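First listed ligand is number 1; within each ligand, the first listed atom is number 1. Note that the structure is predicted; figures quoted are calculated from it, not measured. Just so it is clear, the values below take in all heavy atoms, side chains as well, and ignore hydrogens, waters and symmetry mates.
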Amino acid sequence: MVEANPAMDLGVCYYPEHWPEERWATDAQMMAELGLTTVRIGEFAWSRIEPDAGRLEWNWLDRAIETLHAAGLKIILGTPTATPPKWLADQMPDMVALDRQGRPRGFGSRRHYCFSHKGYREEAARITRAVAKRYGEHPAITGWQTDNEFGCHDTVQSFSAAARGAFREWLAARYEDIAALNEAWGNVFWSMEYRSFGEIELPNLTVTEANPAHWLAFRRFSSDQVVSFNKAQVEILRELSPGRDVMHNAMGFYTGYDHHDLAADLDVLGWDSYPLGFLEQFRFSDEEKRKYARQGHPDIAAFHHDLYRGCAKGGRWSVLEQQPGPVNWARHNPAPLPGMVRLWSLEALAHGAELVSYFRWRQFPKAQEQMHAGLLRPDGEPAPAFGEVAQVAEELGSLKLAGEATKHAALVFSYPSEWITQIQPQGEGCSASWAAFACYSALRKLGLNVDIVSPEASLDGYALVVIPCEPIVSEGFSARLAEFSGQIVIGPRSGSRGEDFAIPANLAPGRLGELVGGKVVRSESLSPLVIHQGDGWRIAKWLDHLEGDAQPEFTAEDGAIACWKHGPVRYCATWPEGAIVDRLIEQAAKDSGLPSERMREGYRRRTRGNHRFDFDYLSVSVDIEDI
Ligand code: GAL
């Protein structure tokens with residue numbers, strides 16, 4: 001039996017149902033010998049747990065759990081609701097989601113359900129209850145994972161009859177009176193006024209874009225459906241399996257539901273870290289893709305560590321899936337450089353993870369993910385990551401971590417901000433979440449610790465707050481900013497919308513006007529052909545024109561103003577990406593008195609308590625020092 005490591009647990013995702021039972025004990029023993037303490041199982045096993053409606057087959061899972069338990073492993077058990085079996089899909093054909101074009105998302109992969117379907121919700125609760133009743137008090141079960149990756153394969157929004165009915169109820173509860181909704185959304189425009197909530201359709205299949213307020217309501221509703229779906233499972237698990245951590249695994253660069261809301265019901269927020277897949281799949285430059293093809297961009301993993309730590313209640317988070325080799329789902333699927341699996345693991349530790357769980361134990365030779373690496377090859381022999389995990393396990397054993405991470409900068413991000421920039425980008429590529437990533441990267445290049453926090457979070461203890469793009473600003477948030485005594489950087493579109501997407505009467509930045517020292521009298525987005533050149537930086541994509549007391553700080557050669565300053569507050573009037581944001585944040589960090597230091601290319605740092613971790617993504621090395 002392996003001792004639980006105080007610094008961080010290591011684990012693996014395992015699918016006993018994929019392998020002959022005779023192999024299970026060998027696998028369990030190999031896991032324990034490797035230094036793993038935790039195994040995550042069960043999240044896709046519904047068709048084996050319940051092969052036919054009502055016929056529950058527990059014996060195999062009992063034996064699998066006993067085998068893992070006998071090897072001293074702690075188990076995180078998944079509720080299998082991401083993969084409803086065929087008999088269930090046939091029994092309730094309307095339980096599937098409809099896509100934006102109204103087409104059913106059929107059986108034959110996973111996540112083929114609509115969050116609003118009441119019958120499916122009952123089934124999900126029934127199977128959760130059955131599994132929790134069977135294993136809830138088992139000593140090996142230390143945690144639960146609800147479902148798997150809500151939203152994966154673009155599954156949060158559904159345009160089904162079930163979703164439409166639930167949306168109407170949601171709207172009635174929010175606005176109470178149809179006249180209030182018409183007024184808030186501005187439905188007088190284009191004669192879009194409704195006489196009752198029952199007349200409101202989903203915002204798809206309109207001739208041109210639907211009202212942005214309609215879309216925002218639908219995004220909020222869709223997010224709430226995920227949150228309540230999850231909550232129903234959490235309540236069952238808490239009742240039948242007291243004292244265990246309930247968690248869910250979030251994804252990378254995914255904003256389809258509000259993770260702050262979801263995490264409020266969980267003990268631990270997990271996320272699934274695939275740095276090479278994300279580099280290939282998302283909007284990184286060709287140069288970054290070339291340079292970091294086998295490492296991943298140096299901010300990808302850390303950004304999500306810091307984001308999800310900030311979402312998690314009490315800051316408890318884990319990596320529930322860690323890439324161990326090539327994946328199967330990106331445009332290109334290279335292997336990580338030797339040492340990267342170790343680097344990613346130690347970086348998670350530096351950012352405060354409780355667990356890193358590798359995905360998966362053994363590459364499965366069949367079905368959709370047959371090209372996805374595991375810690376073992378399909379033939380059961382170690383794959384390259386195996387040895388690195390052994391090394392990490394050993395290193396963790398000798399690390400004595402104490403103390404909390406020092407607070408440097410807070411980066412404010414909310415999910416509705418991204419929904420707003422998706423619904424109404426106004427200029428191509430102007431996304432709040434990518435602005436957040438760029439600002440995060442700018443802070444990290446200065447070697448600073450960053451907490452990514454919701455606008456509702458306390459700002460105590462930080463010397464610098466960066467708000468990349470926060471269109472809706474609550475009274476509470478603006479009050480906290482007014483009281484904040486450090487440096488503040490505020491990005492474009494901040495304070496530019498009310499709760500229902502209207503432009504504020506006093507214009508942007510609305511409630512932040514006094515702080516910024518001016519108002520935005522005109523906003524324009526710029527084609528890539530229009531660039532205002534500055535000294536080593538440029539105004540691109542967006543330009544807000546300000547009137548007021550604030551003073552220009554960064555002015556382009558042609559007189560266009562990229563950044564305004566008003567006391568300790570900077571307003572970035574262009575899209576906060578690229579050299580301008582690096583410069584502006586560097587200046588603000590200097591003014592804040594933080595110990596900022598320009599890191600060399602590919603180099604990143606985080607301090608945690610009595611240790612300083614330095615990661616070199618180019619030479620693939622990690623340096624851990626006592627401080
Ligand atoms: C995750 C998912 C896993 C597996 C993995 C492959 O998104 O949760 O079940 O599909 O990707 O990389």
Item to complete: Give a yes/no verdict on whether any heavy atom in Met251 is under 4.0 Å from an atom of ligand 1.
Response: no

Worksheet item: Can you say whether the rings of Tyr15 and His18 are parallel (under 30°), tilted (30 to 60°) or perpendicular (over 60°)?
Response: parallel

Fill in: Part of Glu369 with heavy atoms under 4.0 Å of ligand 1, whether side chain, backbone, both or neither
side chain

Item to complete: Determine yes or no for a side-chain-to-main-chain donor-acceptor pair under 3.5 angstrom, with Asp451 supplying the side chain and Val453 the backbone.
Response: no

Practice prompt. Could you tell me which atoms of ligand 1, counted from 1 in the order shown, lie closer than 4.0 angstrom to a heavy atom of His372?
Written response: 6 (C), 12 (O)

Practice prompt. Only counting residues at least two apart or in another chain, list the ones meeting ring pair (Phe, Tyr, Trp, His ring centres under 6.0 Å) with Phe359.
Written response: His372

Discussion item. Below 4.0 Å, non-hydrogen atoms only: which portion of Arg110 touches ligand 1? Side chain, backbone, both or neither.
Written reply: side chain

Fill in: Under 4.0 Å to a heavy atom of Phe359 - the qualifying atoms of ligand 1, by number
3 (C), 4 (C), 5 (C), 6 (C), 9 (O)

Worksheet entry | Distance filter under 4.0 Å to Asp272 heavy atoms, resulting ligand 1 atoms | 8 (O)

Worksheet item: Would you say the side chain of Glu149 lies within less than 4.5 Å of the side chain of Glu43, judging by non-hydrogen atoms?
Response: no

Discussion item. Under 4.0 Å from a heavy atom of Asn148: which atoms of ligand 1 are those, numbered in the order shown and with their elements?
Written reply: 2 (C), 8 (O), 9 (O)

Item to complete: Give the numbers and elements of all ligand 1 atoms closer than 4.0 Å to a heavy atom of Trp329.
Response: 6 (C), 12 (O)

Worksheet item: Does His117 have any ring pair (Phe, Tyr, Trp, His ring centres under 6.0 Å) partners at least two apart in sequence or in another chain, and if so, which?
Response: none

